[in-house]
Amino acid sequence: MDDPLFEQAYERLWEEFGPKDEMEQRDVIERRLQLGQRFLYEMALVRMAGDFAAVRDHTAAITRDGGNVVVHLSHNLVSPVARRTGLAGWMRALPIATARECLAANSSPAGAHIILLAEMEYMQAEDPTRTIRLQAYERAGFRKIDPQVVHYFQPDFRSPEIIDASGGARPLPFQLLVRRVYREHERVIFGAEVRQLVETLYDIYHPQFRAADLAHPSLSLDTYPADGAMIALVPPTQC
């Protein structure tokens, strides 16, 4: 938080994602940097000749059983002038390096899986940028957990004052995109792994939310498929 470049990186993310209630407040980022050994938060800023080129942030988290690491891909923003330069590929590679660092710090067992996890808005005809983002994830080896089967909701990122003034938390429906490193060829995922992914993601989110806001029925895993259920992994652009 006291890095001289933090403000530049954070402000870029806030300008892009804050108005959509999809960016954490500064105090939340500070708490995330102090989550403990099981978690590793990273914000990466790229500059070209001193000018902004890209910024991303993500959190690696060891699953509760200690067997795998999930990297939640929070935000990724590349300047228009830096697109189609190969930089976007490097930005997608950074979370894997963070995952390996987190595994090493926790002395995780050999053979632990790395899973990259992203929350993405549903496609809308009036917002072609969403389709472009989904196409980029698809080219990068991501698959989408069938949203017809798994109904995932992101906790309400609005401030507590606004939540209370509006009558309570309103979690947002999102799609879940995954890249299971070295398992990109697989086209199904078991219900147990889906639960583990969402459970780990909610563990990352937990310190920044009030218990009452996290108790919203939409955030319950009770309606998720059974552990043995097989769920299709479909192309991110598939409706």
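Values in this document were obtained by computation on a predicted structure and should not be read as measured data.
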Does I96 reach the side chain of L116, with side-chain heavy atoms less than 4.5 Å apart?
yes
Y182 backbone acceptor or donor facing E184 side chain under 3.5 Å:
yes
Atom CD of E199 and atom CG of L201: how far apart are they, to the nearest 0.5 Å?
11.0 Å
With R180 as partner, the option from H185, H113, E186 fulfilling side-chain hydrogen bond (donor to acceptor under 3.5 Å, both in side chains) is E186
E193 with R183: basic N within carboxylate O range, under 4.0 Å
yes
Just checking, is any N or O donor in the side chain of S79 or R12 under 3.5 Å from an acceptor N or O on the other one?
no
Backbone of L94 reached by a side-chain donor or acceptor of T98 within 3.5 Å:
yes
Any idea which heavy atoms bring P109 and G66 closest together, and the distance?
CD-O, 3.5 Å
Could you check if a side-chain atom of R210 sits within less than 4.5 angstrom of a side-chain atom of D164, using non-hydrogen atoms only?
yes
Linking I/L/V/M/F/W/Y whenever any side-chain heavy atoms sit under 4.5 Å apart, do Y122 and V234 land together?
no
Any chance you could lay out the side chain to side chain contact (heavy atoms under 4.5 Å, CB included) test for V70 and T59, step after step, and finish with the verdict?
CA-CA 8 Å; V70 178; T59 307; over 6 Å; no
Quick one: do the D65 and Q196 side chains pair a donor with an acceptor below 3.5 Å?
yes
Any side-chain heavy-atom pair of I115 and V181 under 4.5 Å:
no
How long is the gap from CG on L45 to OH on Y10, to the nearest 0.5 Å?
15.0 Å
Between the main-chain N or O of T200 and the side-chain N or O of R64, is there a donor-acceptor pair closer than 3.5 Å?
no
Given 3.5 Å as the limit, does a donor-acceptor pair link the side chain of R84 with the main chain of P80, or not?
no
Identify the residue among R179, H58, M91, E119 that makes a side chain to side chain contact (heavy atoms under 4.5 Å, CB included) with L73.
H58
Derivation of the side chain to side chain contact (heavy atoms under 4.5 Å, CB included) call for N68 and I62:
CA-CA 6 Å; N68 302 308; I62 301 297; over 6 Å; no
Say whether, by atom type as modelled, one donor and one acceptor occur between the side chain of R92 and the main chain of A140 under 3.5 angstrom.
no
Quick check: does any side chain N or O of E24 sit under 3.5 Å from a backbone N or O of I29, one acting as donor and the other as acceptor?
no
Between K144 (side chain) and Q238 (backbone), is there a donor-acceptor pair under 3.5 Å?
yes
Are the side chains of I114 and L103 in touch, meaning some heavy atoms are under 4.5 Å apart?
yes
Report yes if the side chains of M43 and D3 come closer than 4.5 Å at any heavy-atom pair, otherwise no.
no
Under the side chain to side chain contact (heavy atoms under 4.5 Å, CB included) rule, what do T63 and V69 come out as? Steps first, then yes or no, please.
CA-CA 6 Å; T63 53; V69 62; over 6 Å; no
Non-hydrogen atoms of A60 and C102 that approach each other most closely
CB-CB, 3.8 Å
Close side-chain approach of V194 and Y224, heavy atoms under 4.5 Å:
yes
Residue that, paired with F157, satisfies ring-ring contact (aromatic ring centres under 6.0 Å, His included) out of F174, Y205, W14
Y205
Side-chain donor/acceptor of S166 to backbone N/O of I163, under 3.5 Å
yes
Which atom pair, heavy atoms only, marks the closest approach of G67 to A112?
O-CB, 3.0 Å
Decide whether V198 and F190 are clustered together by the hydrophobic rule: side chain heavy atoms of Ile, Leu, Val, Met, Phe, Trp, Tyr closer than 4.5 Å, transitively.
no
Under 3.5 Å donor-acceptor, D57 side chain and H75 backbone:
yes
P207 and R31: which non-hydrogen atoms are nearest, and at how many Å?
O-NE, 3.6 Å
Lys/Arg-Asp/Glu bridge criterion (N-O < 4.0 Å) met for R32, E42
no
Tell me, yes or no, whether the heavy-atom count around R187 atom CZ, taken from other residues, nucleotides or ligands under 6.0 Å, exceeds 12.
yes
Nearest heavy atoms of N106 and R38, plus distance in Å
OD1-CA, 3.7 Å
Test: R133 and E138 ion pair at under 4.0 Å
no
Assigning hydrophobic clusters by single linkage (Ile, Leu, Val, Met, Phe, Trp, Tyr; side-chain heavy-atom cutoff under 4.5 Å), is M120 placed with F153?
no
Would you indicate whether the side-chain heavy atoms of I231 and V188 approach each other to under 4.5 Å?
no
Only one of F209, Y152, Y202 clears side chain to side chain contact (heavy atoms under 4.5 Å, CB included) with L219; which?
Y202
Distance, nearest 0.5 Å, that separates CG of L176 from CG of D146:
11.5 Å
In Å, rounded to the nearest 0.5 Å, how long is the span from CD of Q8 to CG of D51?
8.5 Å
Going from CD on E11 to CE on M23, what distance comes out if it is rounded to the nearest 0.5 angstrom?
9.5 Å
Got more than 12 heavy atoms from elsewhere within 6.0 Å of CE, M1?
yes
Please check if V71 and Y41 belong to a single hydrophobic cluster, counting links between Ile, Leu, Val, Met, Phe, Trp and Tyr side chain heavy atoms closer than 4.5 Å.
no
Going only through I, L, V, M, F, W and Y residues with side-chain contacts under 4.5 Å, is there a path from L214 to L197?
yes
To check you understand the geometry: which heavy-atom pair defines the closest contact between G168 and D156, and what is its length?
O-OD2, 4.4 Å
To the nearest 0.5 Å, how far apart are CG in L177 and CD1 in I145?
8.5 Å
E121 vs E22, side chain to side chain contact (heavy atoms under 4.5 Å, CB included): CA-CA, chis, key distance, verdict
CA-CA 11 Å; E121 308 99 328; E22 295 175 6; 3.6 Å; yes
For a 4.5 angstrom cut-off between non-hydrogen side-chain atoms, does V149 reach P225?
yes
Geometric cation-pi criterion, R47 with F52: 6.0 Å, 45°:
no
